[in-house]
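Working notes, beginning with the structure itself.
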Amino acid sequence: MRLLKRNDTGGVTFTKDLSHVELSRFNYAILSHTWGSEEEEVIYEDALTGEGTSKPGSGSEKIRFCIQQTVQDGLEYFWVDTCCINKKDDAELSKSLRSMFRWYAGANRCYAFLTDVPQGDVLGTEWMHTFRLSRWFRRGWTLQELIAPSALEFYSRNGKRLGSKATLKLQIAEITGIPVKALSGRDLANFTMQERRQWQEGRQTREPEDLVHSLLGLLDISVPVLYGEGVVKAQQRLDNEISTAQKGPRHRDFSIPFGDRKMKGVEKLVGKKGELESMHVALIGNRTRRSIVILSGLGGIGKTQLAVAYAKQHQDSYSAVFRLNIRDEKSVKLSFAVVAERILRYHPSTRHVSFADLTGNLDEIVAAVLAWLSDSEDRRWLVIYDNYDNPKVPGNDARDAVDILRFLPDAYQGSVIITARSAQVKHGRKIPVRKLTSAQDSVDILSNVSGRALSMKGLKSPKPEAAGSFHEIGRLYSNQGRMEEAEEMYLRALRGKEEAWGPKHRSTLDTVNNLGILYADQGRIKEAEAMYTRALEGYQNVEGNHEADVEYLQEQLEALKMGGRVSNSHVKGELQSQPDRDLADLAGQSDRTARMRDFASHILNRP
């Protein structure tokens, strides 16, 4: 990298071509801009002949701006891509394009010079409108120039400072769709390759291949820079290099498509973004050794869903993803048999598993799969050890307790997620899974299944739509065994219905009934009895034929007194015309998710 050095006469000269070590000793600024016409831009040869600040056109204006700004910032050196790269030297051009992200990241200041944004103080606040429309936000190369620098400042075409990336991050996030965390310096490893590539959607470059070249630093991938091959071939080379970097050079020898039917339907897990980020940080780690995450928490709180959601979100980072049910030894061994069948389906001649008899000894099948996972060339797999709720740990003397160490590969590689209720499981980094704490999360759940954008403002109102929505979210949680969250949603629904329709309305009583069932299922007998009694008295006095409801509640109250188990077959929904079973157990059932979406759409559109 060669830098421009300003002198006391207002001119510039080049430093020598600096190595990475030499560059680390320099404090420098760097320019981010959109190119003008080739005739006006200052190129390498212009700077060599001393025309860097005198060439007619917008190019020299940018150089003079950098001189003026570095003087104010106390910097002596700066870099401009138009003239600091000898583009006639293919080797230098290729090396520069692959190094540019690092150069922008290493700069003390980055100046974004927006030639299409007027001077701020002339138009007052109206400059923000032209700022949002600036070409700078639509160019391919400026994406890395936005992300890489720690200190990025925006200037109008008159050299007036408009603000910094830090002060304008909310507006920039809205303009670009890039998360605020990425704009705030969050390690890019926290964002998937797919996420980072999406940030470039809608951007343009002069050369088609530069749509790929401009992503290299952002993705931390290096491929040769080849102009003339076309963007399709360039993208293919990029995809191949990403797969190799993520999964290893021989990943195709171990690749198995992600196709577990039990892992469908939970791509959008609401209210667990923090846990997903923590998992990613822990699991992405050192790709040469094993990473283990333990999702711990109460039963029914969503540990399995969280593990599966992570697998779905990051499946492209792994050569294979498997899920084992480790509830007991028989279950986990049968799960290994399923895994072995999948391995053989895609790699029938694999030396580890091909000799195993899938109908024979389960211990031999387990050993064969563990050997496959321990292959020194097979390092980028993910295995979910689900339902590890009876672990062999101090304090658990159960004869059927499971020792997970018997079912982990010998080689210290790959990624492992363990879901467990016991706090005594200590084989990796523990990430607690807790119930939802934000009402907005519940709104997001309904938004996901309905396909419509909802807000807390709408659901805080006493309108029937809001109360009915909370009621159905409660049913969703109850069907998933997430009792605490179900209770919270039912209570919100009850308050809304009482305010909108009164305590004796049929729909209000339906929610009271469901609360009774929820409490009974948890053994909270007094609370269940209170809810059943209230619902019974209400149904006896409300208009209409409710004989079946009255008879059911009388039976349940009698069962409570006798200590019997209460059936939940009378759970009330907001749409009596839709079979109750259509909404049962949405997790992993895409057809039922569609029905829930239809239901939510109906709720939101009814008068």
Side-chain angles (χ1 to χ4, degrees), residues 1 20 23 28-35 78-81 84-85 96-114 117 131-155 161-206 209-223 225 234-235 238 241-242 245-246 273 277 280-281 284 313-314 316-317:
M1 181 186 193
H20 178 64
L23 181 63
Y28 65 93
I30 199 165
L31 181 69
S32 175
H33 67 109
T34 55
W35 280 51
F78 63 95
W79 186 88
V80 181
D81 59 348
C84 290
I85 302 173
S96 297
L97 295 184
R98 287 183 282 117
S99 304
M100 207 172 290
F101 186 91
R102 176 165 46 85
W103 292 349
Y104 274 89
N108 295 77
R109 289 282 193 279
C110 179
Y111 307 137
F113 189 70
L114 311 183
V117 178
F131 177 77
R132 291 175 178 273
L133 298 178
S134 176
R135 290 177 59 243
W136 190 90
F137 291 110
R138 301 193 302 275
R139 303 305 297 170
W141 284 106
T142 55
L143 173 60
Q144 68 173 7
E145 296 162 18
L146 170 62
I147 299 295
S150 58
L152 170 63
E153 298 173 336
F154 294 91
Y155 293 86
R161 188 178 184 276
L162 302 172
S164 67
K165 179 168 64 171
T167 61
L168 296 170
K169 60 185 177 183
L170 296 181
Q171 293 89 339
I172 296 171
E174 184 179 344
I175 296 167
T176 62
I178 299 173
V180 171
K181 290 183 178 179
L183 298 172
S184 302
R186 174 68 68 90
D187 190 335
L188 290 176
N190 289 286
F191 305 93
T192 65
M193 291 285 192
Q194 182 180 3
E195 285 177 305
R196 283 175 267 171
R197 295 180 77 168
Q198 287 175 344
W199 300 342
Q200 197 198 48
E201 290 182 359
R203 292 176 178 262
Q204 300 173 338
T205 55
R206 288 191 175 187
E209 297 86 354
D210 279 340
L211 285 172
V212 172
H213 302 155
S214 60
L215 282 172
L216 299 181
L218 198 68
L219 302 177
D220 194 21
I221 295 294
S222 181
V223 298
V225 175
Q235 286 176 339
L238 177 64
E241 193 61 34
I242 288 174
Q246 289 182 326
K273 188 174 182 180
E277 289 183 355
H280 185 55
V281 170
I284 201 68
Q313 184 175 344
H314 297 280
D316 291 339
S317 298

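The residues of the chain are indexed from 1 along the displayed sequence.
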* **Closest contact, heavy atoms only, G140 versus T205** => CA-CG2, 3.7 Å

* Identify the heavy atoms of Q144 and P149 that sit nearest to each other, and give their distance. => O-CD, 3.9 Å

* Asked: Between atom CD of E145 and atom CZ of R139, what is the distance when rounded to the nearest 0.5 Å?
  -> 11.0 Å

* Structure fact -> What one should report as the nearest heavy-atom pair of A173 and V180 is CB-CG2, 3.7 Å

* Asked: Strictly under 6.0 Å, is that where the ring centroids of Y28 and W103 end up?
  -> no

* Considering only heavy atoms from C-beta outward, does the side chain of L218 approach that of F101 to under 4.5 Å? -> yes

* Atom of Y104, atom of L31 and distance for their closest heavy-atom approach -> OH-O, 2.8 Å

* Asked: How about R197 and T192: does a side-chain donor come under 3.5 Å of a side-chain acceptor?
  -> no

* Asked: Which heavy atom of C84 sits nearest a heavy atom of W79, and at what distance?
  -> CB-NE1, 3.2 Å

* Give a yes or no on whether E195 atom CD has more than 12 heavy-atom contacts from other residues, nucleotides or ligands under 6.0 Å away. => yes

* Asked: Are there more than 12 heavy atoms of other residues, nucleotides or ligands under 6.0 Å from atom CD of Q204?
  -> no

* Asked: Parallel, tilted or perpendicular: which describes the rings of H280 and H314, with under 30° parallel and over 60° perpendicular?
  -> parallel

* Asked: Heavy atoms, side chains only, cut-off 4.5 Å: are L216 and L238 in contact?
  -> yes

* Tell me whether the centres of the aromatic rings in F113 and F154 are closer together than 6.0 Å. => no

* Give the intermediate values and the outcome of side chain to side chain contact (heavy atoms under 4.5 Å, CB included) for residues F191 and W199. => CA-CA 11 Å; F191 305 93; W199 300 342; 3.9 Å; yes

* Asked: Is a side-chain donor or acceptor of D220 paired with a backbone partner of G217 at a separation under 3.5 angstrom?
  -> no

* Decide whether W136 and S32 meet the rule of one side-chain donor and one side-chain acceptor closer than 3.5 Å. => yes

* Asked: Does anything in residues 165-175 pair up under salt bridge (Lys or Arg N to Asp or Glu O under 4.0 Å), and if so which pairs, sequence neighbours excluded?
  -> R132-E174

* **Gap between atom CE of M193 and atom CG of L215 - 0.5 Å precision** => 10.5 Å

* **Flag side-chain contact, heavy atom, 4.5 Å: L143 against R196** => no

* Roughly how far apart are I178 CD1 and Q200 CD, rounded to 0.5 Å? -> 10.5 Å

* Are S99 and S96 linked by a side-chain donor-acceptor pair shorter than 3.5 Å? -> no

* **OG1 on T34 to CZ on R135, rounded to 0.5 Å** => 4.0 Å

* Identify the two heavy atoms, one from V117 and one from S134, that lie closest to each other, and give their separation to 0.1 Å. => CG2-CB, 4.0 Å

* Asked: Are side-chain heavy atoms of T176 and R203 found at a separation under 4.5 Å?
  -> yes

* Just how far is it from atom OG1 of T142 to atom CZ of F137, taken to the nearest 0.5 Å? -> 8.5 Å

* **E277 and K181 ion-paired at < 4.0 Å** => yes

* Give the C-alpha distance, both sets of side-chain angles, the deciding distance and a yes or no for side chain to side chain contact (heavy atoms under 4.5 Å, CB included) between M1 and H20. => CA-CA 8 Å; M1 181 186 193; H20 178 64; over 6 Å; no

* To do: For the residue pair L188 and I147, establish whether any side-chain heavy-atom pair is separated by less than 4.5 Å.
  => yes

* Does a side-chain heavy-atom distance below 4.5 Å link H33 with D81? -> yes

* Could you walk me through whether W141 and L97 pass the side chain to side chain contact (heavy atoms under 4.5 Å, CB included) check? -> CA-CA 10 Å; W141 284 106; L97 295 184; 3.7 Å; yes

* Given the rule in the side-chain hydrogen bond (donor to acceptor under 3.5 Å, both in side chains) test, do H213 and R98 qualify, once you have shown the distances and angles that lead to the verdict? -> CA-CA 8 Å; H213 302 155; R98 287 183 282 117; over 6 Å; no

